[in-house]
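Input: a single structure, listed below in structure tokens.
For the numbers below, each heavy atom of this structure counts, side chains included, while hydrogens, waters and symmetry mates do not. Not measured: the values here are computed from a predicted model. We count residues from 1, following the sequence as given.
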Amino acid sequence: MDSLAVVCVIAVIFLTVFYYFCTQTFDFWKLRGVRGPKPIPIFGNMKDVLLVKISMREYMAELYRTYKDEPLIGIYARRTPILIVKDPDLIKDVLIKDFTVFAERGVNFDEKVQPLSPHLFNLESKRWRPLRTKFTPIFTSGKLKEMFFIVSECADHLEKYTETLASKSEPVECHELMAKYTTNVIGNCVFGIETNSLTDDNAEFCKMGKMVTNSSWIKVFLIRLRQVAPSIFSFLRFIGILSLPTYVKFFMNIVHETIEYRNKNNIVRHDFIDVLRKIKEEDKVGDIEITDTLLVAQAYVFFVAGFDTSSITMCNVLYELALHPKVQDKLREEVNEMYKKYGSSLTYDNVKEMQYLDKVFKETLRKYSVATVIMRKVTSNYTFNGTNVTIPANQRLLIPVDALQRDPNIYPEPDVFDPERFSDEAVKSRHPMFYLPFGDGPRNCIGSRFGTYQIKIGLVKLLRNYKFETCKETQIPYRINSKAVLLSPVGGIVLKITKIEKT
């Protein structure tokens, strides 16, 4: 046999083994009687998502429509079986009734090379439970009332800064504007630091926020590398080819410096940093060893969640209000009535009274759910109630939040913005699992109330003083950035802002 023949034989053997490796699991769902699309080698069912041709949101919507009558859908992320849970009763079992079996999110991370990764969103249940218990008191209604003045003051700064922009009579990119506001709120309420984000374009917190949320091709490539070949990603980071991002070093330093400064000067603010100080003094929480990186990771995730998801949601509210002037006028009327009733010093309870504001906020989150899916991993063999489908331990699941909230059988004409979908009568008529912008059950979003109120307070101050309108630079229709991790529009949201003259 000549050398060419040997090479050909080796190549055939290699390709055969490789093909077998890629397709070995492809009968997983068929054997369990779960329907789903046919996978292809290397990509499974996620080719267009992995190649950034479409967003995960669009892919989930397509699957949801194709298998509209199926309670469960089986897909493959490359060669890994993933189960999509659609039925609301089964979703309730996963998130609430049988939560102890589904307490894990199933996110893989290597904290040695990704020091900010072991945060509450990612953590396995063993570490998540005690830390969640420690942080929960920060987000009670009583604590939010204490922080209301700080948030309101930040909203006042936003209102004044917006006046400067409106006076120029030029279109305004609202995402950056709202990000400055939410950065200011998080800096003050979580870190106890005045970030100057609304007055200083070079403010460090703002720059770090942009680094965290940028959706460049390099970042997309690194995310895909981490997903497809985590060991290679970790090795490249470990040997220094992939250096730690600047924002990692920034958060490590800012948390350490703030804790050290407060300890040295006996400063107590009863905020997030003070909780970190107490946890650090304990050395252990239950059986968990408390490390510096574990503490910093919690501060980091609260910054990212509060800064990015809230600013995107505020933008989406303003976008819909600009498209629907009658809704904007009605909401502004409610805001003005509240000021007439209580004067200029609004309180937490006053904002809570604004029912139409709440409807507008909820309808925005229905139409623009920032998180496309909820992730879970089962910790033991599990049979879904009322089915013959049994999944093994460590099986990963996805709950398609955005697709559920855009199902025309649940929300007629889902692309229409209609706040009355959240009237008391309408809400009672729907299964509660058809609306999950913050998740549900014990592992729901811990900061949902904080995020809700920083958004509402900012909107109240803006709508009382400014009118928001579309302009020629406004993207109509809304186009999703397929490279972004969280829902965001291509090119941002550009609107015309006009100051309302008081009579």
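Using a 4.5 Å heavy-atom cutoff, the side chains of V401 and V373 are not in contact. Looking at L459 and L331, their side chains never come closer than 4.5 Å, going by heavy atoms from C-beta outward. Counting only heavy atoms from C-beta outward, the side chains of F384 and I391 approach each other to under 4.5 Å. Using a 4.5 Å cut-off on side-chain heavy atoms (C-beta onward), I493 and L318 make no contact. Considering only heavy atoms from C-beta on, V327 comes within 4.5 Å of L321 through its side chain. Taking 4.5 Å as the limit, some side-chain heavy atom of L294 sits within range of a side-chain heavy atom of L131. When side chains are defined from C-beta on, R443 counts as touching R376, because their heavy atoms get closer than 4.5 Å. Considering only heavy atoms from C-beta on, L398 comes within 4.5 Å of M375 through its side chain.
For the ring-ring contact (aromatic ring centres under 6.0 Å, His included) condition, the pairs that include at least one residue of residues 319-347, sequence neighbours left out, are Y319-Y478, H324-F417. Evaluation of the salt bridge (charged side-chain N to carboxylate O under 4.0 Å, His left out) test over residues 63-75, restricted to residues two or more places apart or in two chains, returns R35-E70. The salt bridge (charged side-chain N to carboxylate O under 4.0 Å, His left out) pairs that include a residue from residues 180-191 are K180-D201, where partners are two or more places apart or lie in different chains.
A cation-pi contact, defined as under 6.0 Å to the ring centre and within 45° of the axis, is absent between R421 and Y411.
Below 30°, between 30° and 60°, or above 60°: for F121 and H119 the angle between ring planes is between 30° and 60°, a tilted geometry.
Taking every heavy atom of both residues into account, G441 and I96 meet most closely at CA-CG1, 3.8 Å. Between S423 and K359, the shortest heavy-atom distance links the atoms CA-CE, 4.0 Å. Annotation for R332 and F468: closest pair NH2-N, 4.5 Å, computed over non-hydrogen atoms. Taking both residues in full, the closest heavy atoms of M433 and D440 are given as CE-OD2, 3.1 Å, listed atom of the first, atom of the second, then distance. Across all their heavy atoms, P137 and T133 have their closest contact at CD-O, 3.3 Å. Considering every non-hydrogen atom in both G458 and Y181, the closest pair reads N-OH, 3.4 Å.
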Name every donor-acceptor pair, under 3.5 Å, that has one atom in a side chain of residues 147-159 and the other anywhere in the protein, sequence neighbours excluded.
residue: S152; atom: OG; partner: K461; partner atom: NZ; Å: 2.9
residue: D156; atom: OD1; partner: K461; partner atom: NZ; Å: 2.7
residue: E159; atom: OE2; partner: Y466; partner atom: OH; Å: 2.9

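Looking only at distances, a side-chain donor or acceptor of E173 sits under 3.5 Å from a matching main-chain atom of H175. With T347 contributing its side chain and N350 its backbone, the two residues share a donor-acceptor pair below 3.5 Å. Checked by atom type and distance alone, the side chain of K367 pairs as donor or acceptor with a backbone atom of D415 at under 3.5 Å. Of the possible polar contacts, one joining the N122 side chain to the S117 backbone as a donor-acceptor pair under 3.5 Å is found. Without hydrogens or angle criteria, R464 side chain to V335 main chain gives no donor-acceptor distance under 3.5 Å. With hydrogens and angles ignored, the 3.5 Å screen pairs no side-chain donor or acceptor of D98 with any backbone N or O of V101. Checked by atom type and distance alone, the side chain of Q395 pairs as donor or acceptor with a backbone atom of P81 at under 3.5 Å. Panel note: side chain Q405, backbone L365; a donor-acceptor pair is recorded below 3.5 Å.
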Q: Give the C-alpha distance, both sets of side-chain angles, the deciding distance and a yes or no for side-chain contact (heavy atoms from CB on, under 4.5 Å) between I457 and Y348.
A: CA-CA 9 Å; I457 296 165; Y348 173 90; over 6 Å; no
Q: Just do the side-chain contact (heavy atoms from CB on, under 4.5 Å) check on I91 and L436 with the steps written out, would you?
A: CA-CA 10 Å; I91 292 172; L436 297 167; 4.0 Å; yes
Q | Pair I455-F361, side-chain contact (heavy atoms from CB on, under 4.5 Å): steps then yes or no | A | CA-CA 9 Å; I455 290 169; F361 173 72; 3.8 Å; yes
Q.
Using side-chain contact (heavy atoms from CB on, under 4.5 Å), reason through D308 and F303 one step at a time and then give a plain yes or no.
A. CA-CA 8 Å; D308 197 34; F303 170 79; over 6 Å; no
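If you take CG on L462 and CG on L177, they are separated by 7.0 Å, rounding to the nearest 0.5 Å. Atoms CD1 and CD, from I446 and Q298 in turn, are 9.5 Å apart once rounded to the nearest 0.5 Å. In this structure, N444 CG and L95 CG are separated by 9.5 Å, a value rounded to the nearest 0.5 Å. One finds the CG atom of L404 at 8.0 Å from the NZ atom of K86 (value rounded to the nearest 0.5 Å). To the nearest 0.5 Å, atoms CG (L120) and CZ (R127) are separated by 11.0 Å. The distance from the CD1 atom of I273 to the CZ atom of F302 is 11.0 Å, given to the nearest 0.5 Å.
Using a cutoff of 4.0 Å between basic side-chain nitrogens and carboxylate oxygens, K456 and D358 are scored as salt-bridged. Looking at R366 and E363, a side-chain N of the basic residue comes within less than 4.0 Å of a carboxylate O on the acidic one, giving a salt bridge. No salt bridge links K352 with D349; every basic N to acidic carboxylate O contact stays at or beyond 4.0 Å.
A search for salt bridge (Lys or Arg N to Asp or Glu O under 4.0 Å) contacts involving E333 returns nothing, not counting sequence neighbours. K330 meets the salt bridge (Lys or Arg N to Asp or Glu O under 4.0 Å) test with E420; sequence neighbours excluded. Every residue meeting the side-chain contact (heavy atoms from CB on, under 4.5 Å) condition with P37, not counting sequence neighbours, appears here in chain and number order: N45, Y59, L63, Y67, I73, I75. In this structure K168 satisfies the salt bridge (Lys or Arg N to Asp or Glu O under 4.0 Å) test with no other residue, sequence neighbours excluded. Applying the side-chain hydrogen bond (donor to acceptor under 3.5 Å, both in side chains) test to N336 and every residue at least two apart in sequence or in another chain returns nothing. With sequence neighbours excluded, the residues forming a side-chain contact (heavy atoms from CB on, under 4.5 Å) with A103 are F99, S125, R129, listed by chain and number. For the salt bridge (Lys or Arg N to Asp or Glu O under 4.0 Å) test, residues two or more places apart in sequence or in another chain that qualify with K143 are E146. Take S55 and apply the side-chain contact (heavy atoms from CB on, under 4.5 Å) test, not counting sequence neighbours, and it matches R57, E58, I480, S482.
Surrounding NZ of K467 are at most 12 heavy atoms belonging to other residues, nucleotides or ligands under 6.0 Å away. Annotation for Q355: atom CD does not count as buried by contact number, only 12 or fewer foreign heavy atoms lying within 6.0 Å.
A donor atom on one side chain and an acceptor atom on the other are not found under 3.5 Å apart for T313 and N316.
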